[in-house]
Amino acid sequence: MKDSHGVVIVFNADIPSHLKEIEMWYSCFVQQQFLQDTQCLLIAHHKPGSGSDKGNPSLPTPLNKLKLVHSNLEDDPEDIRLEFIKYLKSIINSVSESRDREEMSIIT
């Protein structure tokens, strides 16, 4: 976990108890590592044939600010791939900007 730049939390959106568990994961992997909310991606996975709609689950207060993506690998595997690539690009940009600021502070 040390020196991490991002966190992806995947949970089964069809199991209500997972909403409580992701609070703990968020606390351990995001808050305790002092990551920003933009560095976290929540993926609400739906099993194929579960019949679940893609309505947003009622997330607890600290989690409702995070980017939430729904996944169902049978129905839309390409959508989750594209969202994950967008997330990785944002992390790469963030790391690059941070490195640039650090280099500028050393130079000046």
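Here the rule is side chain to side chain donor-acceptor pair (under 3.5 Å) with Ser71, and of Arg81, His46, His45 only His45 fits it.
Leu66 and Leu41 fall into different hydrophobic clusters, where Ile, Leu, Val, Met, Phe, Trp and Tyr are joined by side-chain heavy atoms under 4.5 Å apart, directly or via other members. One hydrophobic cluster, built from ILVMFWY side chains closer than 4.5 Å, cannot hold both Leu59 and Ile43; they sit in different ones. Connection of Leu35 to Val95 is not established within any shared hydrophobic cluster, with ILVMFWY side chains joined at heavy-atom distances below 4.5 Å, either directly or through further cluster members. Val69 and Leu82 fall into different hydrophobic clusters, where Ile, Leu, Val, Met, Phe, Trp and Tyr are joined by side-chain heavy atoms under 4.5 Å apart, directly or via other members. Residues Phe84 and Phe29 do not share a hydrophobic cluster, clusters being chains of Ile/Leu/Val/Met/Phe/Trp/Tyr side chains in contact below 4.5 Å.
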Would you be so kind as to tabulate the donor-acceptor pairs closer than 3.5 Å made by side chains of residues 17-26, with sequence neighbours excluded?
unit_1: His18; atom_1: ND1; unit_2: Asn12; atom_2: N; d: 3.1
unit_1: Lys20; atom_1: NZ; unit_2: Glu23; atom_2: OE2; d: 3.3
unit_1: Tyr26; atom_1: OH; unit_2: Asp37; atom_2: OD1; d: 2.6

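Between Ile91 and Gly6, the closest heavy-atom pair is CD1-CA, 4.1 Å. Counting all heavy atoms, side chain and backbone alike, Pro77 lies closest to Ile80 at O-CG2, 3.2 Å.
Under the salt bridge (charged side-chain N to carboxylate O under 4.0 Å, His left out) criterion, the residue pairs touching residues 85-103 are Glu83-Lys86, with sequence neighbours excluded.
With hydrogens and angles disregarded, no donor-acceptor distance shorter than 3.5 Å links the side chain of Tyr87 to the backbone of Thr38. The backbone N or O of Met104 sits less than 3.5 Å from a side-chain atom of Thr108, completing a donor-acceptor pair. Put simply, the side chain of Gln39 gets close to the backbone of Gln36: a donor and an acceptor are under 3.5 Å apart. Looking at Asp76, its side chain never comes within 3.5 Å of a backbone N or O of Glu78 through a donor-acceptor pair.
Note: Ser98 OG to His5 NE2 = 8.0 Å, rounded to the nearest 0.5 Å. Between the SG atom of Cys40 and the NZ atom of Lys67 there is a distance of 12.5 Å, given to the nearest 0.5 Å.
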